[in-house]
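Worksheet: one structure, shown below.
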Amino acid sequence: MRRKSWRSLYQSCADTQDTKTLQRRFAAQRTGLQKGKRRVSMYQAFLIKYGEIGVKGKNRHIFEDTLVSQTANALRSVDGEFTVRKENGRIYAEAQTAFDFDEVADALSCVFGIVGFCPVVLLEDEGFEQLAQTVVDHVRQEFPKRDFTLKVITRRARKNYPMESMEVSAALGERLLEAFPELRVDVHHPQVTLYVEIRNKINLYSRILPGPGGMPVGTAGRAMLLLSGGIDSPVAGYMIAKRGVKLDAVYFHAPPYTSERAKEKVIDLARTVAKYAGPIRLHIINFTEIQLYIYDKCPHDQLTIIMRRYMMKLAEYFAGQEEALGLITGESIGQVASQTMQSLAVTNEVCTMPVYRPLIGFDKQDIVDIALKIGTYETSILPFEDCCTIFVAKHPVTKPNLKSILKSESHLTEKIDALMQEAIDTAEMVRVEA
């Protein structure tokens, strides 16, 4: 499913306003602005808003600096040059050249830690009269059709400004009503809110586009994602990355039972997740011989659990190589036989690292909804099976007993250790970027 374009989202945020004129102005800006010349467009920058970071106390600067870095990294992929800086609890992405509005908005919408971003006018303080005139001009250009309700909100971060916040809001509202008699004031449920922030420069904006929220990637350590070609594991990776965790991934490949198309499918999924999580080191592990050996030596109703335990062992090895702090899976209680409480407990027994399951309480539709939102769903449902679906027993055990599983694993001789080492030695590592 193609992501909804930011042009259409921007228009949907406009309520009663005609944004076609606005979009034409952005197009003119992109073609008319030359590097090194003064920007004539109203919009010079994007104001980046964050949420949870603001309550981080003495560590707040660490999260802010990481968000600045992640924002700058995201904007390197778009046409145009940006300078990203922080200033008194605000982060600004200031354009130095022409840029494509849709590209920039799409890039910022994938940066975890951003709860919203605003195309903003930055003004030098040249007195209230100049501010009032600029506000009137802004509304005239921004909203050609002005039959809507309005509220002005002023925040006065610079306390030496000669007027109180409420005075500024009232005075600007009065000027707007004089200039545009068709406007109506509604301080409770306005259709349009005009924000004026008096800082080192005066910030003027009237649109807040949504960001993904969460915490900046890289602020919460590193973890290893067990990535398959299904719907769940890419969503699990997205959810963990949203909390600031840097991702690596392992994928278990089983040629000739799984095709190269299945591997490419997983790489494509990793590439989509990397749009949010940053570059991912994907370890592709040949699991065929291990599966065949387990299939030959162990009861078939226990195949899924035993194979899963050996996958966890291999994932934990590569997690240790990457200095990861835990494993991530897309499991949800009761979704399949290997995801009952008993099965998860038996699978966990083999791990020394923590296993994080962000989808553990989600219904399948909850997971599908997120997959649709982040753009992984259509790739996940492509009909290229992975190793987890090839060797599934007809009647898998749903309440495995650990003692029984260990007894079955005792039939695996030292050959299993050699096969595990071979899988480690022949693993392929692919660096996946968006």
Side-chain angles (χ1 to χ4, degrees), residues 223-230 232-233 236 249-254 257-258 283 285-321 324-362 364 385-427:
M224 181 65 70
L225 171 67
L226 280 77
L227 182 62
S228 72
D232 302 337
S233 57
V250 291
Y251 163 62
F252 295 94
H253 193 41
Y257 301 98
T258 56
H283 300 269
I285 302 169
N286 190 328
F287 201 59
T288 308
E289 295 302 321
I290 295 173
Q291 285 186 295
L292 291 174
Y293 186 56
I294 294 172
Y295 187 87
D296 185 51
K297 295 293 184 180
C298 297
H300 285 193
D301 65 339
Q302 297 179 351
L303 286 177
T304 302
I305 296 297
I306 294 175
M307 289 179 184
R308 188 70 175 173
R309 282 164 60 87
Y310 278 90
M311 287 180 181
M312 298 296 273
K313 288 182 180 182
L314 286 167
E316 189 170 71
Y317 170 83
F318 285 100
Q321 296 298 301
L325 300 175
L327 305 178
I328 307 165
T329 75
E331 292 159 319
S332 170
I333 291 176
Q335 186 170 192
V336 294
S338 64
Q339 296 178 24
T340 64
M341 288 287 283
Q342 295 86 346
S343 296
L344 295 176
V346 170
T347 302
N348 269 20
E349 188 273 340
V350 79
C351 300
T352 59
M353 282 185 175
V355 181
Y356 301 102
R357 297 179 169 95
L359 309 183
I360 196 69
F362 281 38
K364 189 65 177 185
E385 295 180 312
D386 57 33
C387 66
C388 295
T389 56
I390 296 296
F391 290 90
V392 173
K394 289 185 179 179
H395 303 288
V397 62
T398 59
K399 296 180 179 180
N401 178 274
L402 180 58
K403 289 183 179 179
S404 177
I405 296 294
L406 292 174
K407 182 179 179 181
S408 297
E409 288 181 352
S410 69
H411 299 150
L412 304 173
T413 66
E414 62 275 3
K415 181 178 178 180
I416 192 68
D417 295 329
L419 292 175
M420 292 280 282
Q421 188 59 51
E422 182 180 357
I424 290 170
D425 294 340
T426 59

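Every value quoted in this text rests on a predicted model; they were computed, and no experiment measured them. We count residues from 1, following the sequence as given.
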*If you take all heavy atoms of Lys403 and Asn401, which pair is closest and at what distance?*
N-OD1, 2.9 Å
*Got more than 12 heavy atoms from elsewhere within 6.0 Å of NZ, Lys407?*
no
_Asp425: partners by side chain to side chain donor-acceptor pair (under 3.5 Å), with sequence neighbours left out_ = Gln421
*Sequence neighbours left out, what passes side chain to side chain donor-acceptor pair (under 3.5 Å) with Ser404? Give chain and number order.*
Gln302
_One pair to check against side-chain contact (heavy atoms from CB on, under 4.5 Å): Ile305 and Ile405. What are the steps and the verdict?_
CA-CA 8 Å; Ile305 296 297; Ile405 296 294; 4.1 Å; yes
_pair Ile290-Leu314: side-chain heavy atoms closer than 4.5 Å_ = yes
*asked:* Can you list everything that forms a side chain to side chain donor-acceptor pair (under 3.5 Å) with Ser343? Sequence neighbours excluded, please.
replied: Thr340
_Return the CG to CG distance between Asn348 and Leu327, rounded to the nearest 0.5 Å._
9.5 Å
*asked:* Quick one, His283 and Gln321 - any side-chain contact, counting heavy atoms below 4.5 Å?
replied: no
*Can you see which heavy atom on Pro400 is nearest to which on Val346, and at what distance?*
O-CG2, 3.8 Å
*If you look at every heavy atom in Ala254 and Gln291, which pair is closest and at what distance?*
CB-OE1, 3.4 Å
*Mind checking the CD1-NZ spacing from Ile424 to Lys313? Nearest 0.5 Å is all I need.*
11.0 Å
_Counting C-beta onward and ignoring hydrogens, is there a side-chain heavy-atom pair between Ile333 and Arg357 closer than 4.5 Å?_
no
*Flag the pair Tyr310 / Leu412 as yes when at least one side-chain heavy-atom distance between them is below 4.5 Å, and no otherwise.*
yes
*Just jot down the ring-ring contact (aromatic ring centres under 6.0 Å, His included) partners of His300, sequence neighbours excluded, or say none.*
Tyr295
*Between atom OH of Tyr251 and atom CG of Asn286, what is the distance when rounded to the nearest 0.5 Å?*
10.0 Å
*Taking side chain to side chain donor-acceptor pair (under 3.5 Å) as the test, write out the residues that go with Glu422, two or more places apart.*
none
_Could you measure the distance from the CD1 atom of Ile416 to the CD1 atom of Ile294? Nearest 0.5 Å is fine._
5.0 Å
_If I compare all heavy atoms of Gln335 with all of Gly330, which pair ends up nearest, and what's the gap?_
NE2-O, 4.5 Å
*Roughly how far, to the nearest 0.5 Å, is CG of Leu226 from CG of Asp232?*
13.0 Å
*asked:* Measuring only between side-chain heavy atoms, which start at C-beta, is Asp301 closer than 4.5 Å to His395?
replied: no
*salt bridge (charged side-chain N to carboxylate O under 4.0 Å, His left out): which pairs involve residues 286-298, sequence neighbours left out?*
none
*Short question: side chain of Ser332, backbone of Phe362 - any donor-acceptor pair under 3.5 Å?*
yes
*So do the side chains of Met224 and Glu316 get within less than 4.5 Å of each other, counting heavy atoms only?*
no
_Leu344 to Ser338 - nearest heavy-atom pair and separation_ = CD2-O, 3.9 Å
_If I compare all heavy atoms of Ala324 with all of Ala223, which pair ends up nearest, and what's the gap?_
CB-CA, 3.8 Å
_From Thr288 atom OG1 to Leu292 atom CG, the distance as rounded to the nearest 0.5 Å_ = 6.5 Å
